[in-house]
Structure formats: C-alpha cells, structure tokens
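To find a chain, count down the sequence lines: A is the first, B the second, and so on, and within it residues start at 1.
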Amino acid sequence: MNMNILEILNKRGFIENRTHQKELEDYINQGPAVCYIGFDPTASSLHVGSLVPIMALAHFQRCGNKPIALVGGGTGLIGDPSGKTEIRKLLTKKIIKENSAGLKKQLSKFIDFSNDKALLLNNEKWLTDLKYIDFLRDIGRHFSINRMIKAESYKSRLDSEDGLNFIEFNYMLLQSYDFFKLFESHNCKIQMGGSDQWGNIVAGIELIRRMHQKNSFGITFPLLITSSGKKMGKTESGTVWLDPNKTAPYQYYQFWINTDDRDIKRFMALFTFLPMEEIGIIDGCEDSQLNEAKAVLAYEATKIAHGKEEADKAFFAASGIFGEKIIPKTFFPSSGIPREIKKTSDSLPTSLIDKEKFQEGMPAFKLFCVAGLTTSGGEAKRLIKQGGAYINGNRINDSQYIATTADIENNSLLLRAGKKRYHKIIIGPNPD
RNA sequence: GGUGGGGUUCCCGAGUGGUCAAAGGGAACAGACUGUAAAUCUGUCGGCGAAGCCUUCGGAGGUUCAAAUCCUCCCCCCACCA
C-alpha cells in the first residue's frame with residue numbers, strides 16, 4: 001500500500017464530501033478497512049452511470065482494503081426517492097431477483113471477489129424477514145421525523161406535486177439499517193455513495209453511533225454530468241450498459257470516444273487506472289492529440305469492462321472505419337493500447353440476411369430497419385432523403401433505392417447512418 | 001368520505017366540435033462547418049414501399065356528417081377539508 005486510498009480517490013476526483021476527515025484518515029491508516037457501496041437492482045444491468053462507485057471500490061481493493069458491494073435486493077423493492085423527481089415504479093420481486101444476479105456478474109469484472117478479498121452481499125437477506133414491530137422499536141425510534149423531512153432528498157419531494165409516499169419515506173431507515181448490519185457483521189465502517197446519498201449515509205452513521213457509540217464514516221462522490229450538461233451514461237441511442245449483450249463492446253468504446261473534450265481528463269482519472277502523472281498531459285493537448293487521448297480513454301475503459309481482447313477489437317474496428325490512428329509509445333506509456341494497426345472489423349455490429357431472400361434486391365430503407373439503424377421505414381427514408389445513408393461508403397440519394405447483389409462487397413453490405421453509426425449486413429447462408 | 005384541479009404524441013406543455021398528426025419549447029436525428037469534440041446555422045421529427053390510407057390525446061361506451069374537444073360510466077394522480 002504505497003499510497004493512501006483517500007489520497008488516490010481525492011486526486012482522481014472521486015470525493016465530493018466526507019464525514020469527520022481526521023478520524024477517517026486514522027481509520028484508513030490503521031490497516032485494511034472495510035467499505036461498502038449499495039447498488040440498486042432496478043435494471044438487469046449496471047450502466048456507465050454506476051461506474052464511479054464501482055471504480056471507487058476497485059481502487060479501494062487495489063490499496064489492500066476490503067470492499068463490499070451490497071446489492072439492494074431488499075431495498076430495491078421499495079425504491080430510493082433520493083434525487084428522483086417522481087415516484088419510482090415498484091418492481092416485482094422476481095425482476096429484482098433477476099436483476100440482482102445480473103449485477104453480480106458485472107461487478108465481478110471490476111472487483112476480485114475470490115477468497116473473500118471482497119464481498120458481494122444482498123440486503124434482502126436481512127431485510128425481508130424484518131419484524132415490523134421490532135424494527136420500529138429498535139431502529140425506528142432513533143429517527144426523528146423533524147430531521148428527516150429536512151433532508152434534501154425528502155424535502156424536494158415533499159414540495160413537489162407528486163409528494164412522498166410512506167414506502168419511500170422508509171428508505172432512509174432501511175439503508176441505515178444496512179450500514180448498521182454491515183458494521184456489526186463485517187466491521188464495515190465506511191459507506192460510500194453518490195452525492196444524493198449523503199442524507200442516507202449520515203443517517204446510518206448516526207444510527208450506528210446511537211446503537212453502539214462507535215464512529216463510522218461516509219464518503220460521497222460528485223454527481224457526474226458531462227460538460228454539455230447531460231447525465232452520465234445516457235446517449236442518443238439510450239443508456240450505455242455494462243452488459244455486453246445490451247451494449248456491445250464496440251458501442252461501449254464509441255461512447256468513450258465521443259467524450260466531450262472538456263471531460264477527457266476528468267474521465268481518465270475516474271474511469272481508468274492510468275497514473276495521474278500521465279493524465280496530466282491532457283492539459284497540453286490539442287486537436288488530433290485530443291482524439292488520441294480519447295482513444296486511450298476509450299481503450300482503457302473498454303478493457304476494464306470487457307477485457308483486453310474486446311478492447312483491441314473495438315480499437316481496430318474503429319481504425320478501420322474512422323481512419324488509422326497510431327498512438328506514439330510516449331503518449332500514455334502505461335496504457336496497453338495497441339501501438340500499431342491491424343485491420344479488422346470483426347467487432348462491428350453485424351446481422352445476417354439470407355442470400356436467397358436478397359437475390360431480388362431489397363429496398364435500401366428496409367435494410368436500414370433490419371440493421372436496427374432506424375426504427376421505422378419512414379425514419380429510414382428520411383435518413384436517405386437527408387443524405388445520411390450510405391451503403392459501402394456510397395451515399396444513397398434515392399429513397400426508393402433498391403439494393404441488389406451488385407452492391408455486395410465481400411459478401412456483405414456496410415451500412416452507415418449519419419457520420420458514426422455503422423452496421424454490417426452479411427449476405428449469405430448462415431456460416432455456422 | 002367531501003370539494004376542487006388534473007391525465008395530450010420521448011419529456012415539458014398549448015389546444016374546449018371541423019382549418020388537428022395536434023402550437024411552442026426541450027430532447028433526438030440528418031446536413032453544412034469540424035477533430036468520430038463543442039458551439040453555430042439549416043432541415044426533419046406517429047405508422048404504412050407514392051398517392052391515399054391507418055393509428056394516437058387515461059379506459060370503455062355514446063351524441064354528431066365531424067370529437068383531444070360535448071355526454072355517461074370507469075380507472076389513476078394532485079390539492080384542500082375530514
């Protein structure tokens with residue numbers, strides 16, 4: 001452990017706020033610390049927006065501490081109102097269960113759960129069997145309504161038209177109880193979370209103090225919005241998921257490539273493990289160098305989430321389409337990004353059309369629908385009319401254009417919508 | 001339980017019998033400009049292989065030549081009262 005985890009997190013921009021700094025540092029310096037973050041199983045996959053907490057846990061582990069990822073299988077049944085402008089739909093128990101399983105799989109890519117080096121727990125274990133009366137007597141009495149309604153997360157909702165539901169109002173108690181439980185069972189003394197979790201975290205700390213007269217700590221991350229003011233992880237084509245089946249590695253890579261200039265440095269610090277000394281170079285970069293830096297960012301981020309092989313593929317596929325990019329060895333020397341070009345386009349999204357069906361040709365707009373580049377024929381025609389549709393690099397000018405066997409190159413059609421969206425259609429019998 | 005206000009296309013939000021596929025804004029998409037960036041400008045923005053047609057304004061019925069708009073019933077949300 002050469003550098004203190006707190007220093008690392010701080011330097012890389014993870015920390016927005018923390019409770020009792022001095023005591024927290026002392027605790028960290030005493031040796032392996034235990035720390036937890038909760039993940040809501042509201043979707044079957046985590047997305048880029050959850051990456052900050054995930055990376056924080058990963059750093060935590062790399063510094064020799066023990067992270068706990070807590071899947072909110074129990075709390076997910078309720079829904080955290082923090083930062084939400086409207087009541088969240090209640091999810092069924094079955095869905096929550098499936099989602100929890102998905103989260104587990106994804107988290108394992110970032111955090112090493114082998115040999116108890118990190119723990120993955122589910123609060124369902126202790127929440128679902130709670131006795132209401134006991135809970136009220138033991139835990140509920142420690143919470144002041146007066147205090148709770150002053151918490152920002154509740155206040156905004158109380159003022160809003162939708163109001164706050166009793167079920168959600170209990171969320172703070174349950175999350176506090178989680179922390180308390182982990183404190184008791186795993187000696188976990190730190191809880192981290194997004195800045196909207198501050199109220200819940202502090203409530204947990206308070207509960208532990210009241211129950212055990214012991215200190216515990218909280219750290220919150222800054223709310224990540226891109227410099228263009230968008231919420232992290234949402235793009236034109238929807239959410240960027242960590243599940244390769246929901247967001248292909250190539251797309252994932254592209255997401256990072258499309259980072260706003262102003263965000264490159266910040267994102268590198270947060271979403272890669274590259275040393276900060278190297279990241280500092282961004283400040284002096286201009287134009288094409290910025291794009292190279294984005295490639296490094298995209299490569300590293302993809303590698304962390306999907307492995308080296310997929311990252312390589314995505315990188316080469318991108319060079320095939322957008323032009324080769326040779327990244328000098330001196331530029332981010334720690335990065336494993338390929339320094340020479342090898343052409344493939346394997347990792348492009350691909351679909352298959354039967355050769356016989358294609359014999360008579362197919363209207364171009366239909367092809368774009370089949371490829372999923374557009375969602376309706378009208379949209380595809382619009383695309384063509386606007387000059388944003390290409391087959392094998394040739395712009396299509398006629399919305400009635402029929403693609404025929406003459407358009408096939410190498411048994412395939414490379415469709416392009418707009419500047420960046422590509423899809424390959426292979427014509428022929430299924431190769432399998 | 002009572003009273004009042006609401007539910008409009010991805011989101012916000014106008015629209016109170018035809019001129020409504022529904023103003024305006026946001027988001028998004030395309031083009032131009034670029035660096036697979038940002039900003040800006042222009043265009044597009046329910047579906048259907050053109051015309052024309054079809055589906056949409058919480059749900060189900062009804063009035064009418066014509067309904068997002070009027071009537072009936074139902075569902076849901078909000079506020080105040082209890």
Side-chain angles (χ1 to χ4, degrees), chain A residues 84-90 157-165 167-168 225-231 233-240 250-268 282 285-299 301-302 314-327 345 347-349 360-390 393 395-404 414-423:
Chain A
K84 303 292 180 313
T85 45
E86 54 190 74
I87 301 164
R88 187 185 283 170
K89 285 186 205 79
L90 286 182
R157 277 291 293 283
L158 283 171
D159 294 340
S160 84
E161 259 211 344
D162 289 325
L164 185 65
N165 192 289
I167 222 181
E168 301 168 288
I225 42 172
T226 64
S227 292
S228 44
K230 279 181 215 130
K231 220 196 233 162
K234 306 274 179 190
T235 68
E236 34 320 329
S237 38
T239 307
V240 180
Y250 172 76
Q251 248 118 36
Y252 191 79
Y253 180 91
Q254 285 299 320
F255 165 75
W256 292 104
I257 282 284
N258 287 316
T259 299
D260 190 300
D261 282 7
R262 294 164 289 180
D263 293 324
I264 302 176
K265 189 177 171 190
R266 196 159 54 114
F267 285 6
M268 279 214 171
I282 299 289
C285 286
E286 287 185 336
D287 301 340
S288 65
Q289 267 191 311
L290 280 175
N291 274 351
E292 285 171 14
K294 286 181 195 179
V296 173
L297 167 66
Y299 180 84
T302 308
F315 173 76
F316 289 129
S319 345
I321 288 174
F322 294 104
E324 298 172 3
K325 218 177 272 157
I326 310 271
I327 316 287
S345 52
S347 112
L348 276 183
E360 294 169 18
M362 234 175 142
F365 71 88
K366 225 161 215 173
L367 283 173
F368 279 84
C369 292
V370 170
L373 289 170
T374 54
T375 53
S376 70
E379 192 186 331
K381 279 186 224 159
R382 218 176 291 132
L383 180 75
I384 294 171
K385 213 172 285 169
Q386 293 178 137
Y390 296 76
R395 181 184 268 185
I396 305 169
N397 298 309
D398 177 10
S399 60
Q400 300 303 314
Y401 182 81
I402 310 272
T404 61
L414 183 62
L415 303 186
R416 173 180 149 199
K419 276 174 222 166
K420 306 180 203 168
R421 286 150 53 228
Y422 285 83
H423 190 99

Only one of Phe316(A), Tyr422(A), Tyr253(A), Phe315(A) passes ring pair (Phe, Tyr, Trp, His ring centres under 6.0 Å) with Phe322(A), and that residue is Tyr422(A)

Specify the closest pair of heavy atoms between Gly418(A) and Leu383(A), including all atoms of both residues, with the distance to one decimal.
N-CD1, 4.3 Å

Look at the side chain of Gln254(A) and decide which nucleotide, out of A37(B), U36(B), G31(B), has an atom nearest to it.
U36(B)

If you measure from the C1' atom in A22(B) to the same atom in A32(B), how many Å do you get, rounded?
31 Å

Check the phosphate of G43(B) against Arg382(A), side-chain N and O only, distance under 4.0 Å to OP1 or OP2. Yes or no?
no

Name the orientation class of the two ring planes belonging to Phe255(A) and Tyr252(A) (parallel below 30°, tilted from 30 to 60°, perpendicular beyond 60°).
tilted

To check you understand the geometry: which heavy-atom pair defines the closest contact between Leu414(A) and Leu348(A), and what is its length?
CD1-CD1, 3.7 Å

Between P of A39(B) and CG of Asp261(A), the distance in whole Å:
11 Å

How close or far is atom P of C45(B) from atom CD of Gln386(A), stated in whole angstroms?
8 Å

Could you run through nucleotides 48-56 of chain B and give me one letter per nucleotide, 5' to 3': B if any protein heavy atom sits under 4.0 Å from the base, S if only the sugar-phosphate is that close, - if neither?
SBS------

Mapping Arg395(A) and Thr259(A) onto RNA chain B by nearest heavy atom, which one lands closer to the 5' end?
Arg395(A)

So, does Lys385(A) use its side chain to make a donor-acceptor pair with the main chain of Ser399(A) at under 3.5 Å?
no

Looking at G1(B), which nucleotide sits across from it as a Watson-Crick or G-U wobble partner, both distances under 3.5 angstrom, or is there none?
C81(B)

Ile257(A) and Lys420(A): side-chain contact (heavy atoms from CB on, under 4.5 Å), yes or no, with the steps?
CA-CA 11 Å; Ile257(A) 282 284; Lys420(A) 306 180 203 168; over 6 Å; no

Against the side chain of Lys294(A), the closest entry in G35(B), A30(B), G31(B) is G35(B)

In whole Å, I'd like the distance from the NZ atom of Lys419(A) to the C1' atom of G31(B).
8 Å

Identity of whatever pairs with A39(B) - Watson-Crick or G-U, under 3.5 angstrom
none

Checking N1-N3 plus N6-O4 or O6-N4 for Watson-Crick, or N1-O2 and O6-N3 for wobble, each under 3.5 Å, the partner of C33(B) is none

Separation of Arg421(A) atom CZ from U36(B) atom C1', in whole Å?
13 Å

Phosphate oxygens OP1/OP2 of A37(B): is one of them under 4.0 Å from a side-chain N or O of Lys420(A)?
yes

Whole-angstrom distance between C48(B) and C78(B), as gauged at atom C1':
39 Å

What is the distance, to the nearest angstrom, from the CG atom on Leu297(A) to the P atom on U36(B)?
16 Å

Once you apply the 3.5 Å cut-off to both distances, tell me the Watson-Crick or G-U wobble partner of C10(B), or none.
G26(B)

Nearest-angstrom distance, P atom, U44(B) to C65(B):
38 Å

Please name the nucleotide paired to A60(B) by Watson-Crick or G-U wobble geometry with both distances under 3.5 Å, or report none.
U72(B)

Which base, if any, makes a Watson-Crick or G-U wobble pair with A67(B), both distances under 3.5 Å?
none

Given the C1' atoms of U72(B) and G25(B), what is the spacing between them in whole Å?
37 Å

If the P atom of G15(B) is compared with that of U8(B), how far apart are they to the nearest Å?
14 Å

Residues passing the salt bridge (charged side-chain N to carboxylate O under 4.0 Å, His left out) test with Lys265(A), sequence neighbours excluded, are Asp283(A)

For nucleotides A21(B) and C53(B), find the distance between their C1' atoms and express it as a whole number of Å.
13 Å

Between P on A30(B) and CG on Leu415(A), what's the gap in Å once rounded to a whole number?
14 Å

Just the rounded figure in Å: distance from C1' of U36(B) to CZ of Phe322(A).
5 Å

Give me the distance, rounded to whole Å, that separates U69(B) from G58(B) when you measure between the P atoms they each carry.
8 Å

Write down the distance between CE (Met268(A)) and C1' (A37(B)), rounded to a whole number of angstrom.
14 Å

C1' atom, C20(B) versus U9(B): distance in rounded Å?
12 Å

